[in-house]
Amino acid sequence: LHKQWIPDTNYENKTNWDKQAVPCGNDIVQFPAQRRVSVFVETTHAVREMKLPVDGEFILNSGAGFYVVSGKDPGCGAGVTTQFRDSESLQWFNPALWQAAATLEDLQRGDFLFSVHDESVPCQYDDVVFKARSSFGVDTSSSQASIPVKSVSVLGEKFDRQSEFSKYLSSRSGQLQFRGSSVVTVGNQECGDPSGCDCGNSVHHQRICNTVTCASLSCKKPLLPAGHCCSVCGAIITIHYAAGFNLQTYRQRVHQLFLTLPKYKSIQLGMSKVFKSQRLMGVIPFGTTPEIQVLAVEGEKGSQSEGLAWDIINDARSHGSNLGITGADFQASSGSSSDQT
Amino acid sequence: ETRDSPPIPDGRSVANDQPRMLSDDGHLVFSTGDRKEIRFQTSGSGLVKVDNEDLTQLLSQIKTNKGDINDIKVNGGGVSPEVTNKLNLLDTRTVQR
Amino acid sequence: ETRDSPPIPDGRSVANDQPRMLSDDGHLVFSTGDRKEIRFQTSGSGLVKVDNEDLTQLLSQIKTNKGDINDIKVNGGGVSPEVTNKLNLLDTRTVQR
Amino acid sequence: ETRDSPPIPDGRSVANDQPRMLSDDGHLVFSTGDRKEIRFQTSGSGLVKVDNEDLTQLLSQIKTNKGDINDIKVNGGGVSPEVTNKLNLLDTRTVQR
């Protein structure tokens, strides 16, 4: 999948300024001296005074730049002192700062996929995208030495060879954009298994969940999905599969068949391969089996997701042999499950 | 002007093409990519000054200096006191015929 | 020059008399407006460098060169071997009175 | 100048190290702190141009001029018509022995 970093450090983004407005020609612009930042400048701006950080950069898009005016800049107001906001602590492992899509086109269209928290952050076989015409700063600190991914796109340039990406990381822009203890590495294979691959983020689960605040729930039996940080209202459908199962195809099928229905429009649906440990006589672990976790999340109550779960179960039962599905069951936060039929 | 060239399609490689104004440990650095220029353009009576020196004027002085040097190479400069003295000395030793 | 042409009709409102730094197709352009300056000011022992050349020093060298040239124009430079030889030759042909 | 004012008494001594871009009565000023440089860096085959002049080339001309001047100081430039005339005149007044 493609995972796109949402925040930016663009001059034109008013949320990056403490006065919630892009500075104009009567304003004094202050970058904190010690704030290491890479700023992307898309257009032309008047300034009265700008104090630059001791270490930082301004990337100038074609046609972008700065100028000064004599006297007052009309339409700018009386002039204020405005600070670039501190976003140095934005973490790679914060699932709220990423959006996922199946393709680059989907990403540009805003056709995003929902996933459990662990998989909202880039997985080891994902293409990571930092928006073109945009700069950023991300803290990659983690307990691991490296964060492997398939590719990283920065400023419109896609890196999928480690030698070139290392060079970029050691450039001034690279050093300002990627901070923290772990090194992002590219060149990882894409997921070669049609039934999906292990995201690889379980080792970061605690770090990921430290950034997440869980909402309060009012359903009867909240569910805790694998790879997620919070209990949810909704349903978890478990798909058992065999040869011939294709996760991407199945995801599209479910989206087209069911999620387009008006009654399910408030439901978010995520699919991931999880490894369920098998226990001999229910007690002694002797291995793991992969299965597909289909998570349907729905607000604080989760009243429609049980219906969706039944739709998915019935579809699996009637078309399972064509889809490579050998079995399916579900649990809903209402308390009901596929066992109770 | 090239500024008005068609917009770069999203996703094209422009990372190294964009000029930067950056600060490096308090040094102020203006940098451009390969085959790109840093240009100082004055118009009318505008000036570019580097620490109170008028850059345009000094650069024109370089060419004036070069011209003056070439002239001295061909036609000589002033006559040094050393030569003047020697010539005068010789002058006193000779008589007009 | 295009800088002095009427405002570009694409909405860019930067007037021509405003000194500015702009990125133009990857080139970094500093342009002064009429009667306006762009100044690069270091302080204390700061320097201005152009690709590893110390601009401050070189600009001061321009003035040193100018001074030297003026001095040569007035007082001459060294004595060329040609002149020295000729003077020596004449010297042998004359006698001290 | 404010840049050289005493350190702000709240411990933020780095503030003076921050490079600045500012308007001074409509002039565009870039400034750096003490011991800090302003650098213009091209890469690859990039150039620095001042109003259509290649600055790199001009800076190298400063050094050429300096070398030429030093050479003239030691070895002299061309022989001025004044000296040539005088030498010729003396020549006619002397005879080969």
Side-chain angles (χ1 to χ4, degrees), chain A residues 8-12 21-29 31 33 38-77 79 132-135 154-157 168 171-173 176, chain C residues 1-70:
Chain A
D8 65 56
T9 47
N10 292 1
Y11 198 90
E12 285 79 15
V22 180
C24 48
N26 299 334
D27 295 337
I28 294 178
V29 180
F31 285 83
S38 168
V39 176
F40 189 85
V41 187
E42 173 115 39
T43 59
T44 312
H45 300 273
V47 288
R48 180 171 138 214
E49 175 167 4
M50 182 152 107
K51 287 180 187 159
L52 280 61
V54 172
D55 281 290
E57 70 170 359
F58 295 80
I59 304 171
L60 304 175
N61 188 41
S62 194
F66 296 97
Y67 64 99
V68 297
V69 297
S70 306
K72 288 279 181 186
D73 183 8
C76 177
R133 295 169 187 269
S134 159
S135 195
V154 179
L155 288 165
E157 188 164 0
Y168 183 78
S171 75
R172 182 146 199 92
S173 295
L176 293 168
Chain C
E1 268 182 70
T2 46
R3 265 180 294 119
D4 301 314
S5 58
I8 299 151
D10 63 359
R12 292 192 324 105
S13 59
V14 188
N16 289 325
D17 64 341
Q18 289 156 341
R20 57 203 180 271
M21 168 179 70
L22 282 184
S23 161
D24 179 357
D25 191 31
H27 305 292
L28 183 59
V29 183
F30 295 92
S31 55
T32 63
D34 190 28
R35 281 168 296 125
K36 295 298 177 192
E37 301 177 357
I38 295 179
R39 300 178 191 147
F40 299 95
Q41 292 180 341
T42 60
S43 65
S45 54
L47 295 175
V48 178
K49 293 179 95 171
V50 176
D51 284 337
N52 298 323
E53 297 284 357
D54 180 341
L55 185 64
T56 315
Q57 194 181 49
L58 284 172
L59 293 185
S60 119
Q61 185 64 46
I62 296 172
K63 292 198 265 187
T64 305
N65 286 351
K66 183 186 175 185
D68 284 354
I69 289 167
N70 285 343

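So that the names make sense, note that chain A is the first sequence line, chain B the second, and so on, each numbered from 1.
The minimum heavy-atom distance linking A:V69 with C:Q18 is given by the pair CG1-NE2, 3.3 Å. The two residues C:G26 and A:S62 come nearest to each other via the heavy atoms N-OG, 4.4 Å. C:M21 and A:L60 get closest at one heavy-atom pair: CE-CD1, 4.3 Å.
A:T43 contributes atom OG1, which lies 10.5 Å from atom CG of C:L22 (distance to the nearest 0.5 angstrom). Here the NZ-OH distance, from C:K36 to A:Y67, works out to 14.0 Å after rounding to the nearest 0.5 Å.
Judged by distance alone, with hydrogens and angles left aside, the side-chain atoms of C:S23 form no donor-acceptor pair with the main-chain N or O of A:A64 at under 3.5 Å.
Only the side chain of C:L28 comes within contact range of chain A, judged by heavy atoms closer than 4.5 Å.
Within 6.0 Å of CZ on C:R35 lie no more than 12 heavy atoms contributed by other residues, nucleotides or ligands.
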### Query
Between A:T44 and C:R20, is a side chain to side chain contact (heavy atoms under 4.5 Å, CB included) present by the stated rule, with each step listed?
CA-CA 9 Å; A:T44 312; C:R20 57 203 180 271; over 6 Å; no
